[in-house]
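Worksheet for the structure shown next.
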Amino acid sequence: MALQIYNTLTRRKEPFVPLEAGKVKMYVCGVTVYDYCHLGHGRTYVVWDTVRRYLLSRGYAVMYVQNFTDVDDKILRRAQQEGATMEAVAEKYIAAYFEDMDRLNVLRADSYPRATQTMPEIAALIDQLTSIGYAYSAAGDVYYSVRRFAEYGKLSGKHLAELEAGASERLQDEELARKQDPFDFALWKGAKPGESAWESPWGAGRPGWHIECSAMVKKSLGETIDIHAGGEDLQFPHHENEIAQSEAVTGKPLARYWMHNAFLNVVNQAGTEEKMSKSLGNFKTLRDLFEDFPPMALRLFLLKTSYRNPIAFSLEALKGSEQNWREMEEVLRLAPWLAQQGQSVAGDILFDPWVRRFNEAMDDDFNTAAALAELIALGKQLAGRYHAAIHGTPLADPVRFAREWCTFAFLCDILGLKAGEPEVRPSALPEAEIEAQIALRRQARAERNWMEADRIRKQLLDQGIVLIDHKDKPTTWRHADL
RNA sequence: GGCGGCAUAGCCAAGCGGUAAGGCAAGGGUCUGCAAAACCCUGAUCCCCCAGUUCGAAUCUGGGUGCCGCCUCCA
């Protein structure tokens, strides 16, 4: 079975066929940089990063572009609050974005276009839309004439006639007076006094939100791309408007596959779920979470649910993922031990059955939850055999173990799960010293001096050395963080 | 009001017509001087409710109920 992708446009899973064989052009709507990212943002970018990684693993050359919206009302407001320029605010949160996403092991995009760096292309697009009659200017603003685009609503399944009722409630906007139709949206907003502004044929101002993506996609990837992705909230109006803008000009589909990830929800005090968002004030920033959880435990948590299902955030669930991750990381860190056993840690991987089952799960619209079940099972098996080995039962088939380990590491990498450096490598005691302490403790135990024996054990533990007693052989030890 | 989605054990979650994966937590056990670690065992007679289709449904249809998202900035 080949890769199937759920396409929002058709509301079906479809076989994935890229425009050009072997190549994938992928565009993901990025963040508006006015604040730190929370776990919900983390979910989005971990999901699309994983999609990208999987496509890469299947041999596609993936061009991955993700924008930063660095011109926006919220950034403007934040700049005023902080007494900074809009540019400074944007720079600050772009840097923070990279820090956070690096820790989640999200690969860097091939390019990160920004609105401020795409002004000529944005202006050109608006100009084209105006000249073909899909846009009109009004008092310094430029609006898109939604009713001109016959297919408007095809992505979100919304119909203008039905939207009208809701729109009537927010009519008291001066902007509305300038619109020929309440559903028209701004392509260009005339600047108010004191705002950052760019010159344009329509006067000083800044682009509307939707137009930047149309311009960036076209500039960086072309008129039709393979995958256009983002959070499900962007489906309407953002992506709908992108389609209207781009397709009106090119007459070609903007994207072949539209993909949207579901939200991360939080259980509120009333006991019901609501999305994690800044406006609701119920968010956990990634950097706060990193204080309490390994980043990879968060990544694992985010991938344990398939991307189109909502995640209910809870500490309990997160701790469960942390447990899973601890074991997986222990296994991933086995490379030195394997080398010590004389086994290759860069050897062949086993395609059957692990990779096959993993791929089957991922081929089904990137079902990371099912894929992870395989991976966790494999990890558990390896951990079990490793534990038996260090407890005295030698590996039955070291070569096979090594190959399965390589398989495990390979699959973890596809999901972007990476073992960190052991955090606390306590002042490594010389082995001779450890052995001496063990000998002292053995003596104490022989004398049934349990207090002394326990004291020595505790003392070694404080230095990061864990003792493992055995029934019929001498006590062994290992590093606590392994 | 319109559109879309979800409802599976204490928690998370897969399942897409053939008789309930997996994980976390919990309980019991083995081992131990005691620990730690590890290992073993135990779990839904049932998948929100009610009808229906079918030899057979958690999976399909219809009707309920509950919850979520979008329709306004939002990942």
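In this text, all values refer to a predicted model and were calculated from it rather than measured experimentally.
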Rounded to whole Å, CG of Asp233(A) lies from C1' of C3(B) at a distance of 15 Å

Aromatic ring centroids of Phe183(A) and Phe149(A) under 6.0 Å? no

Check this for me, if you would: do Arg53(A) and Asp49(A) make a salt bridge, where the nitrogen-to-carboxylate-oxygen distance has to be below 4.0 angstrom? yes

Check: Does any non-hydrogen side-chain atom of Ile227(A) lie less than 4.5 Å from one of Tyr27(A)?
Finding: no

Return the polar atom pairs (N/O with N/O) between nucleotides 37-43 of chain B and the protein under 3.5 Å, or none.
unit_1 : atom_1 : unit_2    : atom_2 : d
A38(B) : O3'    : His387(A) : ND1    : 3.4

Atom CG of Leu315(A) and atom P of A25(B) are separated, to the nearest Å, by 14 Å

* **Spacing of the C1' atoms in U53(B) and G62(B) (rounded, Å)** => 11 Å

The ring-ring contact (aromatic ring centres under 6.0 Å, His included) partners of Trp188(A) (sequence neighbours excluded) come to Trp202(A)

- Message: Can you confirm whether or not the ring centre of His210(A) sits under 6.0 Å from the ring centre of Phe185(A)?
- Response: yes

Taken to the nearest whole Å, CZ/Arg442(A) to P/G33(B) is 15 Å

5'-most contact on RNA chain B (nearest-nucleotide basis), Ala453(A) vs His38(A), goes to Ala453(A)

For Phe263(A) and G69(B), are the ring centres under 5.5 Å apart with planes inclined under 30°? no

Between CD of Gln323(A) and P of A26(B) the distance, given in whole Å, is 9 Å

Contact check, residues 107-114 of chain A vs RNA chain B, heavy-atom distance under 4.0 Å, returns none

Exercise. In terms of the angle between their ring planes, are His260(A) and His239(A) parallel, tilted or perpendicular, with boundaries placed at 30° and 60°?
Worked result: tilted

Hits for side-chain hydrogen bond (donor to acceptor under 3.5 Å, both in side chains) against Trp405(A), two or more places apart or cross-chain, chain-then-number order -> none

Across every strand shown, the nucleotide meeting Watson-Crick or G-U wobble geometry with C48(B) (both distances under 3.5 Å) is G64(B)

Item to check | Polar pair under 3.5 Å, donor/acceptor by atom type, side chain Arg457(A), base A36(B) | outcome: no

### Euclidean distance for C1', A75(B) against G17(B) (whole angstrom)
36 Å

- Message: Please classify the nucleic acid contact of Arg308(A) as base, sugar-phosphate, or nothing, using heavy-atom distances under 4.0 Å.
- Response: nothing

Contacts of Tyr6(A) meeting ring-ring contact (aromatic ring centres under 6.0 Å, His included) (sequence neighbours excluded), chain-then-number -> none

Using a cut-off of less than 4.0 Å, is there contact between a side-chain N or O of Gln235(A) and OP1 or OP2 of G4(B)? no

So, OP1 or OP2 of C70(B): does either fall under 4.0 Å of a side-chain N or O from Lys275(A)? yes

Those residues at least two apart in sequence (or on a different chain) that pass side-chain hydrogen bond (donor to acceptor under 3.5 Å, both in side chains) with Ser321(A) are none

Which of G15(B), A21(B), C71(B) is nearest the side chain of Asp364(A)? It is G15(B)

Between CG of Asn241(A) and P of U72(B) the distance, given in whole Å, is 10 Å

Rounded to whole Å, the CG-P distance (Leu467(A) to G33(B)) equals 15 Å

Contact class for Leu264(A) vs. all strands (heavy atom < 4.0 Å): base, sugar-phosphate, or nothing? base

Tyr45(A) OH to A75(B) P, in whole Å, measures 6 Å

* Are Phe293(A) and Trp325(A) close enough that their ring centres sit under 6.0 Å apart? -> no

Contacts of Arg442(A) meeting salt bridge (charged side-chain N to carboxylate O under 4.0 Å, His left out) (sequence neighbours excluded), chain-then-number -> none

What's His238(A) touching, base or sugar-phosphate or nothing? Going by heavy atoms closer than 4.0 Å. nothing

For residues 364-378 of chain A, the side chain to side chain donor-acceptor pair (under 3.5 Å) pairs (sequence neighbours left out) are Lys13(A)-Asp364(A), Tyr307(A)-Asp365(A), Arg308(A)-Asp365(A), Arg357(A)-Glu374(A)

What do you reckon, are the aromatic ring centroids of Phe68(A) and Tyr97(A) less than 6.0 Å apart? yes

Rounded to whole Å, the CZ-C1' distance (Arg78(A) to C73(B)) equals 14 Å

- prompt: Does Asp454(A) get its side chain close enough to the base of G33(B), under 3.5 Å, for a donor-acceptor pair?
  reply: yes

ask   = Looking at C73(B), does its base get a donor-acceptor pair with the side chain of Lys74(A) below 3.5 Å?
value = yes

The ring-ring contact (aromatic ring centres under 6.0 Å, His included) partners of Trp477(A) (sequence neighbours excluded) come to His479(A)

Hits for ring-ring contact (aromatic ring centres under 6.0 Å, His included) against His41(A), two or more places apart or cross-chain, chain-then-number order -> His38(A)

| message | Taking any heavy-atom pair under 4.0 Å as a contact, classify Thr32(A): base, sugar-phosphate, or nothing. | response | sugar-phosphate

Check: Contact class for Asn324(A) vs. all strands (heavy atom < 4.0 Å): base, sugar-phosphate, or nothing?
Finding: sugar-phosphate

- Query: Which value, in whole Å, describes the distance between the P atoms of nucleotides C48(B) and G15(B)?
  - Reply: 15 Å

Practice item. Provide the distance between the two P atoms, one in G43(B) and one in G10(B), to the nearest whole Å. Key: 15 Å

Can you check the distance between A38(B) and C31(B), where both ends of the measurement are the C1' atom (answer in whole Å)?
9 Å

Q | P spacing across the pair G66(B) / C60(B), given as an integer number of angstrom | A | 22 Å

Counting the atoms with a prime plus P, OP1 and OP2 as sugar-phosphate, which does Gly40(A) contact under 4.0 Å by heavy atoms, base, sugar-phosphate, or nothing?
base

Numerically ordered, the residues 96-105 of chain A set in heavy-atom contact under 4.0 Å with RNA chain B is none

Its contact letters, B for base, S for sugar-phosphate only and - for none at protein heavy atoms under 4.0 Å, make nucleotides 7-14 of chain B read ---BSSSS

Quick one: does His238(A)'s side chain get under 4.5 Å of Cys213(A)'s, heavy atoms only? yes

(request) Would you please indicate if the ring centroids of Tyr93(A) and Tyr34(A) are separated by under 6.0 Å? (result) no

Ignoring hydrogens and angles, are the base of G33(B) and the side chain of Arg445(A) linked by a donor-acceptor pair under 3.5 Å?
-> yes

- Query: Mind checking the P distance from A13(B) to C73(B)? Whole angstroms is fine.
  - Reply: 30 Å

**Message:** Taking U8(B) as the reference, what is the distance to U59(B) when you measure between their P atoms (whole Å, please)?
**Reply:** 13 Å

- Message: So Arg12(A), base contact, sugar-phosphate only, or nothing? Heavy-atom distance under 4.0 Å.
- Response: nothing

